[in-house]
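See structure below.
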Number of protein chains: 2
Amino acid sequence: MKIGELSRATGTNIETIRYYERIGLLPAPDRTAANYRSYSDAHRSRLSFVRHSRELGFTIEEIRSLLDLSDDPARDCAAADRIATAHLEQVEQKIEQLARLRDELTRIVGRCRGGIAADCRVIEALGDHRHCESPHV
Amino acid sequence: MKIGELSRATGTNIETIRYYERIGLLPAPDRTAANYRSYSDAHRSRLSFVRHSRELGFTIEEIRSLLDLSDDPARDCAAADRIATAHLEQVEQKIEQLARLRDELTRIVGRCRGGIAADCRVIEALGDHRHCESPHV
DNA sequence: TATGCACCCTGTAGCAACTACAGGGTCAAG
DNA sequence: CTTGACCCTGTAGTTGCTACAGGGTGCATA
Ligand SMILES: [Zn+2]
Ligand SMILES: [Zn+2]
Ligand SMILES: [Zn+2]
Ligand SMILES: [Zn+2]
């Protein structure tokens with residue numbers, strides 16, 4: 001499989017595939033006589049794993065650890081669980097933070113009654129946290 | 001006010017203040033005889049505006065537009081309202097996306113029963129989106 | 001007077017995770 | 001024999017900072 005086919009098969013940008021190789025996330029594939037990369041099915045499924053994990057928000061380093069683990073099928077899977085659980089917790093924290101942000105932004109946006117910038121409550125609220133009702137950080 | 005005082009007064013890293021000046025978000029202040037930056041109260045409140053807006057998740061470019069607007073107090077404030085509303089919508093979308101992620105991650109994490117990596121349902125789920133119950137993207 | 005220390009300066013490079021060229025080579029079809 | 005689709009390497013850009021390196025300044029103390 002050439003890089004273009006792998007790109008279409010996994011929905012991954014070609015530049016991204018080369019980037020993953022450069023940072024050691026995907027192993028370097030064989031080359032054809034013309035120096036084209038030639039991928040196997042193992043590459044395809046590894047890349048699918050990476051892309052899917054990225055879509056689920058895991059960082060490259062987390063994915064690296066997860067790949068290490070699945071490369072060594074006899075190891076205890078507790079590490080994978082720990083990574084996934086920690087990531088879930090981070091997502092939950094991020095949601096809470098964004099919800100606070102949303103509430104504060106809703107209050108701020110709702111205060112604009114139109115008119116000139118000098119009188120705008122939105123601009124006023126952005127300039128001074130004392131107008132806020134939550135710490136939002 | 002020297003840069004260290006401004007830094008303490010606004011809770012902004014000194015490097016960040018210089019960065020804002022470099023990208024034209026803060027006007028270059030006067031200099032002392034020793035070439036030290038010397039800030040006025042106008043600088044201080046402008047920087048507070050920037051930091052507060054950043055805390056609320058606005059991008060630098062959005063803040064630039066908001067500052068342009070507040071620099072011209074006679075202008076109609078509708079543009080500010082539009083920026084803030086658009087930002088609020090983005091925050092809401094991000095929350096929804098993260099909520100989908102959280103649900104999917106919760107399902108995935110819940111499937112691990114311990115054991116070896118070869119049998120791990122978490123690793124399996126990460127490798128193949130067909131195990132997912134939502135599109136989560 | 002020297003010297004220590006806190007503070008300031010510029011310029012550059014690093015982070016994450018890509019993305020986008022520039023400037024070239026390869027290969028099959030018409 | 002040229003056109004077009006593909007592939008290659010290497011480098012630089014994105015966002016919003018942060019962290020030096022390598023210097024200068026200013027004030028208090030011994
Ligand atoms: Zn308004
Ligand atoms: Zn606030
Ligand atoms: Zn498991
Ligand atoms: Zn999925």
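Reminder, nothing fancy here: chain letters follow the sequence lines and each chain counts from 1.
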### Message
Tell me whether A:R31 contacts the main-chain N or O of A:A28 through its side chain, where contact means a donor paired with an acceptor under 3.5 Å.
### Response
no
### Message
For a quick test of reading the model: is some side-chain N or O of B:T16 closer than 4.0 Å to OP1 or OP2 of D:dT18?
### Response
yes
### Query
Would you say a side-chain N or O of B:N13 is under 4.0 Å from OP1 or OP2 of D:dT18?
yes
### Summary
Separation of C:dT19 atom P from A:I17 atom CD1, nearest Å, is 11 Å
### Query
How long is the span from the CZ atom in B:R82 to the CG atom in B:L69, to the nearest 0.5 Å?
9.5 Å
### Query
Any side-chain N or O of A:R64 less than 4.0 Å from the OP1 or OP2 oxygen of C:dA16?
no
### Message
Output the rounded distance in Å from CG (A:D30) to P (D:dC7).
### Response
16 Å
#### Entry: Residue that, paired with A:R37, satisfies side chain to side chain contact (heavy atoms under 4.5 Å, CB included) out of A:M1, A:R18, A:K2
A:R18
### Message
At 10 degrees resolution, what angle do the end axes of the helix from C:dT1-D:dA30 to C:dG30-D:dC1 form when each is taken over five base pairs?
### Response
30°
#### Entry: Aromatic contact, A:H52 with B:H131 (centres under 6.0 Å)
no
### Task
State whether B:Y20 places a side-chain N or O below 4.0 Å from either non-bridging phosphate oxygen (OP1 or OP2) of D:dC17.
yes
### Message
Starting the side chain at C-beta, find the nucleotide from C:dC18, D:dT18, D:dC6 nearest to A:I60.
### Response
C:dC18
### Query
Start at the 5' end of DNA chain C and walk down; is the nucleotide closest to A:A34 or to A:Y19 reached first?
A:Y19
### Task
Return the value, rounded to whole Å, for the distance between atom CD of B:E15 and atom P of C:dG14.
16 Å
### Task
Spell out yes or no: do the side chain of B:Y36 and the base of D:dG24 have one donor N/O and one acceptor N/O closer than 3.5 Å?
yes
### Message
Counting only side-chain nitrogens and oxygens, does A:R54 get under 4.0 Å of the OP1 or OP2 atom of C:dC18?
### Response
yes
### Short side-chain N/O contact to D:dC7 OP1/OP2 from A:R37, under 4.0 Å
no
### Nearest-nucleotide 5' precedence on DNA chain D, B:K2 against B:V50
B:V50
### Message
Donor-acceptor check, side chain of A:T12 to backbone of A:R8, threshold 3.5 angstrom: yes or no?
### Response
no
## Note on the structure
The answer to which of B:E61 and B:T32 contacts DNA chain D further toward the 5' end, by nearest nucleotide, is B:E61
#### Entry: Nearest to side-chain heavy atoms of A:R31, which nucleotide of D:dT9, D:dG16, D:dC7
D:dT9
## Note on the structure
In whole angstroms, the gap separating P of D:dT15 from CZ of B:R22 amounts to 14 Å
### Query
Is any side-chain nitrogen or oxygen of A:R18 closer than 4.0 Å to OP1 or OP2 of D:dT9?
no
### Task
Mind calculating the distance between CD1 (B:I3) and P (C:dT10) to the nearest angstrom?
9 Å
### Message
Assess, by modelled atom type and distance only, whether the side chains of A:R54 and A:Y20 contain a donor and an acceptor separated by less than 3.5 Å.
### Response
no
### Message
What contact category does A:I23 fall into here, base, sugar-phosphate, or nothing, at under 4.0 angstrom with non-hydrogen atoms?
### Response
nothing
## Note on the structure
Whole-Å distance, A:N35 CG to D:dT9 C1', equals 9 Å
### Integer-rounded Å distance: D:dC17 P and B:E21 CD
16 Å
### Query
What is the distance from CG of B:L25 to P of D:dG16, rounded to the nearest Å?
10 Å
### Any B:R51 side-chain N or O less than 4.0 Å from OP1/OP2 of D:dC17
yes
### Query
Taking everything shown except B:R121 itself, do over 12 heavy atoms lie less than 6.0 Å from its CZ?
no
### Query
Under the criterion side chain to side chain contact (heavy atoms under 4.5 Å, CB included), which of A:T10, A:L26, A:D41 is the partner of A:R46?
A:L26
